[in-house]
Amino acid sequence: MEVAYLYTKVRSEFGKQTNFSDQDTRILHTIPQTDEFEDDYIPRNPVCTTVDTCPTYSEHETNTDRLVTKASSIRHAEGGWPKDVDPTEPADVQRYRKKSGEGR
């Protein structure tokens with residue numbers, strides 16, 4: 001079954017304005033009434049219904065894999081030191097802070 005439809009109109013012909021004009025009412029075709037099929041019909045009230053040419057499909061579930069997550073945290077007390085500063089040496093840390101202006 002082919003799902004695509006090939007349009008043969010050129011783009012300039014799309015969206016042209018329609019010209020409507022008032023005309024007299026005329027009957028195109030009449031179907032005479034017959035009692036032959038009367039037993040096949042069930043009268044309903046109200047007679048409102050929705051008609052669609054496509055079947056309705058609805059997905060109520062999804063088939064997805066569960067993602068297992070784990071909450072974790074990191075205590076970030078010291079960090080972002082330059083390569084020449086050893087954060088475990090208090091003298092290096094104090095010198096760096098004094099040089100950068102934090103140790104005031």
How far apart are the closest heavy atoms of V93 and D86, and which atoms are they? CG2-O, 3.9 Å

Keeping to residues at least two apart or across chains, list the side-chain hydrogen bond (donor to acceptor under 3.5 Å, both in side chains) pairs with something in residues 21-31.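 Pairs touching residues 21-31 that pass the test: none.
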
Under a single-linkage rule joining Ile, Leu, Val, Met, Phe, Trp and Tyr whose side-chain heavy atoms are separated by less than 4.5 Å, which residues share a cluster with F37?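 Reading the cluster by chain and number, F37 sits alongside Y41.
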
